[in-house]
Undergrad: 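This is the structure I want to talk about, given as C-alpha cells.
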Amino acid sequence: MREKVVFFDVLRCVAALAVVTIHVLGPYREQLGVISDSAWSTAIVLNSFSRWAVPIFIMITGALMLSDTRPFAPGYYVRRRLGKVLIPFLIWSLFYAGLSGLSADGYDAGHAWETLKHMPEHETYYHLGFFYYFLPLYFVVPFLRYYVQQADRIGTLGLTVTWLAMTGLYLLSVDGLWSEQLLLYSGYLLLGYSLFVYRWPALPWLILPGIAALLLTAYMVISHSLAAGEYTVGRWLSYKTLNTAVIAALVFALCRHWSERMSARWLRGAAFVSRYSLGIYLLHPIFLWPVRAYDWYFAHPLIMIPFWTLIITALALGASWLLARYRLTAWLVP
C-alpha cells in the first residue's frame with residue numbers, strides 16, 4: 001500500500017465544491033438582460049473562478065499514477081483502475097438517461113430514449129461529460145508513466161512546458177495538431193506530477209499569474225458577453241486553455257501549502273469528504289434537479305449560489321455515505 005497523501009484530500013474537497021458551484025449557477029449564465037447586470041456578473045465571476053475544478057481531478061490522477069514506482073500490471077490496472085470508474089459511469093449514465101426525460105411539466109419518455117441512444121458519443125446528463133475525456137486518459141497513463149520514469153527532471157518539466165505552450169496556442173485559437181482534446185487533457189496528468197514530485201511551478205511563482213488569470217478570465221467573459229448582448233465565452237472557460245491550467249496549478253499548490261498547516265480535526269473532515277468526492281460528483285444533480293427545474297433561485301446570486309452549493313453538496317455527501325455502507329451499492333460510489 002502507498003502512503004496516503006494528505007493534501008489530496010483537501011484538493012478533492014475544494015474541487016467537489018467547485019464542481020457543484022458550477023452546476024448550481026448554470027441557469028444564471030443565460031439570464032443576461034433578464035436579471036440585473038450586477039447579479040448576472042456575480043454569477044459569471046463565480047463561474048470563471050471555479051473552472052479549475054475538473055482539471056484538479058485529472059491532476060490528482062496524474063500525480064498519483066505517474067509517481068507510482070510499483071511494477072506495472074496490465075490486468076490489475078484495467079480491473080482496479082479503469083474498471084473501478086468505468087462500470088459506475090455506465091450504470092449512472094443509464095440512470096441519468098432516464099432522469100433526462102423528467103421536467104417540471106412531466107415526463108417525456110421519448111426524450112429519455114433519444115438521450116440513451118446517443119450515449120456512445122454524448123453524455124446522458126450534463127455532469128457526465130467529464131468521463132468522456134477522463135476515461136481515455138487511463139490509456140495514456142502507462143505511456144506517460146514510462147516516460148517520467150525514464151526521463152530526468154529537465155525532460156519531464158520540458159514536456160510539461162511544451163504542453164503549457166500548446167494550451168496557450170489553443171486559448172488564442174491558433175489550432176493545429178496540438179488542439180486534439182486527448183492531448184490537451186493528457187497534459188494535466190503531467191502538470192499534476194510535476195507539481196507533486198518537483199513542486200514545479202513553485203507557489204510563489206504561481207500567485208501573481210494565477211490571480212491575473214482569474215481576473216482576466218472573468219473580465220473577458222463578462223466584457224465579451226455584454227458587448228455581444230448574449231452569453232459568450234470564446235475559449236476562456238475551456239478546461240484546455242493556459243488560463244485554466246495556471247489557475248489549477250495555483251489551487252493545487254495552495255492546497256498543499258494549507259494542508260501542512262491545518263489541524264488534525266480539519267484534515268479528518270477533509271478525508272471524510274474526499275472519500276466520497278466521486279460520489280458527490282455523480283449524485284449531486286439528483287438533488288439539484290428540483291432547484292433548477294422549479295427555479296428555486298429566490299435571492300441574489302451571491303446568496304443563492306453558496307446556499308444551494310452547500311446544501312446540495314451535503315445531500316450528495318450523505319447519499320454517497322449511505323450507498324457506501326452496503327456491499328450491494330458501495331461499488332456505485334467508488
Undergrad: Using a 6.0 Å cut-off, check whether atom CZ of F272 has over 12 heavy atoms from anything other than its own residue.
TA: yes
Undergrad: I'd like to know if the side chain of T244 and the backbone of W52 have a donor-acceptor N/O pair within less than 3.5 Å.
TA: no
Undergrad: Looking at N243 and W236, would you say the former's side chain and the latter's main chain have a donor-acceptor pair under 3.5 Å?
TA: yes
Undergrad: Atom CZ of residue position R261 - does it have more than 12 heavy atoms of other residues, nucleotides or ligands inside 6.0 Å?
TA: yes
Undergrad: Begin from the C-alpha positions of W163 and Y188 and carry the test ring-ring contact (aromatic ring centres under 6.0 Å, His included) through to its verdict.
TA: CA-CA 9 Å; W163 170 75; Y188 280 112; 4.9 Å; yes
Undergrad: Give, for atom CE of M304 and atom OG1 of T42, the distance between the pair rounded to the nearest 0.5 Å.
TA: 13.5 Å
Undergrad: Under the ring pair (Phe, Tyr, Trp, His ring centres under 6.0 Å) test against Y125, which residue among Y96, F131, W289 passes?
TA: Y96
Undergrad: Do F252 and L267 sit in one hydrophobic cluster, given that two such residues count as connected whenever their side-chain heavy atoms are within less than 4.5 Å of each other, even indirectly?
TA: no
Undergrad: Kindly give the heavy-atom pair with the smallest separation between Y132 and H122, and that separation in Å.
TA: OH-O, 3.0 Å
Undergrad: Taking the six-membered ring for Trp, is the centroid-to-centroid distance between F7 and W258 below 6.0 Å?
TA: no
Undergrad: Given side chains that start at C-beta, do those of W308 and V20 come closer than 4.5 Å, heavy atoms only?
TA: no
Undergrad: Between F57 and F134 (judged by ring centroids, cut-off 6.0 Å), do the two rings come close enough to count as a pair?
TA: no
Undergrad: Do T167 and K240 have side chains that approach each other closer than 4.5 Å (heavy atoms only, starting at C-beta)?
TA: no
Undergrad: Linking I/L/V/M/F/W/Y whenever any side-chain heavy atoms sit under 4.5 Å apart, do V14 and I247 land together?
TA: yes
Undergrad: Do you know the tightest heavy-atom contact between A253 and L206?
TA: CB-CD1, 3.9 Å
Undergrad: Going by distance alone, is a donor N or O of one side chain under 3.5 Å from an acceptor N or O of the other, for H127 and H23?
TA: no
Undergrad: Contact between R199 and R256 at the side-chain level, heavy atoms closer than 4.5 Å - yes or no?
TA: yes
Undergrad: Any side-chain to backbone donor/acceptor pair from T329 onto L323? Under 3.5 Å, distance only.
TA: yes
Undergrad: Please check if the side chain of Y193 supplies one atom and the backbone of R145 the other of a donor-acceptor pair under 3.5 Å.
TA: no
Undergrad: Any idea which heavy atoms bring S179 and L184 closest together, and the distance?
TA: O-CD1, 3.8 Å
Undergrad: If I take atom CG from residue L82 and atom CD1 from residue I87, how far apart are they, to the nearest 0.5 angstrom?
TA: 8.5 Å
Undergrad: Checking T124 side chain against S93 main chain: does a donor-acceptor pair fall under 3.5 Å?
TA: yes
Undergrad: Take F49 and L215, measure what side-chain contact (heavy atoms from CB on, under 4.5 Å) needs, and give me the verdict at the end.
TA: CA-CA 8 Å; F49 281 18; L215 297 176; 4.2 Å; yes
Undergrad: Of all heavy-atom pairs between P55 and A248, which one has the smallest distance, and what is that distance?
TA: CB-CB, 4.0 Å
Undergrad: As an exercise, state the distance from CD of Q31 to CD1 of I44, rounded to the nearest 0.5 Å.
TA: 10.0 Å
Undergrad: Determine whether L137 and S186 make a side-chain contact, defined as any pair of heavy atoms from C-beta on separated by less than 4.5 Å.
TA: yes
Undergrad: Which heavy-atom pair separates P27 from V24 by the least distance, and what is that distance?
TA: CD-O, 3.4 Å
Undergrad: Under 6.0 Å from the OH atom of Y219, do we count more than 12 heavy atoms belonging to anything else shown?
TA: no
Undergrad: Can you name the nearest heavy-atom pair linking T309 to I305, along with the distance?
TA: OG1-O, 2.6 Å
Undergrad: Test the R292-Y28 pair against the cation-pi criterion, namely NZ or CZ under 6.0 angstrom from the six-membered ring centroid and within 45° of the ring axis.
TA: no
Undergrad: Surrounding CH2 of W331 (heavy atoms of other residues, nucleotides or ligands, distance under 6.0 Å), is the total greater than 12?
TA: yes
Undergrad: Walk me through it: do F287 and I311 pass the test side-chain contact (heavy atoms from CB on, under 4.5 Å)?
TA: CA-CA 9 Å; F287 303 101; I311 289 179; over 6 Å; no
Undergrad: Atom CG in L86, atom CD1 in I91: separation rounded to 0.5 Å?
TA: 10.0 Å
Undergrad: Are the side chain of S100 and the backbone N or O of A97 linked by a donor-acceptor pair below 3.5 Å?
TA: yes
Undergrad: Any donor-acceptor pair under 3.5 Å linking the side chain of S67 with the backbone of L64?
TA: yes
Undergrad: So V161 and W200, do their side chains get closer than 4.5 Å, heavy atoms only?
TA: yes
Undergrad: Are F72 and Y146 close enough that their ring centers fall under 6.0 Å?
TA: no
Undergrad: NZ of K117: more than 12 outside heavy atoms within 6.0 angstrom?
TA: yes
Undergrad: Group every Ile, Leu, Val, Met, Phe, Trp and Tyr by side-chain heavy-atom contacts under 4.5 Å, then state whether V221 and L242 land in the same group.
TA: yes
Undergrad: Taking G98's backbone N and O only, do any of them form a donor-acceptor pair with Y107's side chain (distance below 3.5 Å, no angle check)?
TA: yes
Undergrad: First locate atom CG of L90, then atom CG of L128, and finally report the distance between them rounded to the nearest 0.5 Å.
TA: 10.5 Å
Undergrad: If hydrophobic clusters are built by linking Ile, Leu, Val, Met, Phe, Trp and Tyr wherever their side-chain heavy atoms come under 4.5 Å apart, do L17 and I56 end up in the same one?
TA: no
Undergrad: For residues F143 and Y147, establish whether the separation of their ring centroids is below 6.0 Å.
TA: no
Undergrad: Does L182 form a side-chain contact (heavy atoms from CB on, under 4.5 Å) with Y133? I'd like the steps, not just the answer.
TA: CA-CA 7 Å; L182 182 60; Y133 46 81; over 6 Å; no
Undergrad: When you look at T217 and S48, which way does the side chain to side chain donor-acceptor pair (under 3.5 Å) test go after all the steps?
TA: CA-CA 6 Å; T217 299; S48 301; over 6 Å; no
Undergrad: Quick check: is F95 connected to L322 through a chain of hydrophobic side chains (ILVMFWY, heavy atoms under 4.5 Å apart)?
TA: yes
Undergrad: Tell me whether the centres of the aromatic rings in Y281 and F130 are closer together than 6.0 Å.
TA: yes
Undergrad: Does V273 reach the side chain of I280, with side-chain heavy atoms less than 4.5 Å apart?
TA: yes
Undergrad: Looking only at atom types and distance, does a side-chain atom of E114 sit under 3.5 Å from a main-chain N or O of A109, one as donor and one as acceptor?
TA: no
Undergrad: How about I60 and F196: do any of their side-chain heavy atoms sit closer than 4.5 Å?
TA: no
Undergrad: For the pair L250 and L203, evaluate side-chain contact (heavy atoms from CB on, under 4.5 Å) and give the outcome as yes or no after the intermediate values.
TA: CA-CA 7 Å; L250 173 61; L203 177 57; 3.9 Å; yes
Undergrad: Under 6.0 Å from the NE2 atom of H118, do we count more than 12 heavy atoms belonging to anything else shown?
TA: no
Undergrad: Any chance you could measure L288, atom CG, to T313, atom OG1, to the nearest 0.5 Å?
TA: 9.5 Å
Undergrad: Is the closest side-chain heavy-atom distance between L278 and P334 below 4.5 Å?
TA: yes
Undergrad: Salt-bridged, D9 to R268, with N to O below 4.0 Å?
TA: no
Undergrad: I'd like to know whether S277 forms a side chain to side chain donor-acceptor pair (under 3.5 Å) with R12, so could you lay out the CA-CA distance, the side-chain angles of the two residues, the decisive distance to 0.1 Å, and finally the verdict.
TA: CA-CA 6 Å; S277 58; R12 292 190 186 98; 4.6 Å; no
Undergrad: Taking W40 for its side chain and R29 for its backbone only, find out whether a donor-acceptor pair lies under 3.5 Å.
TA: yes
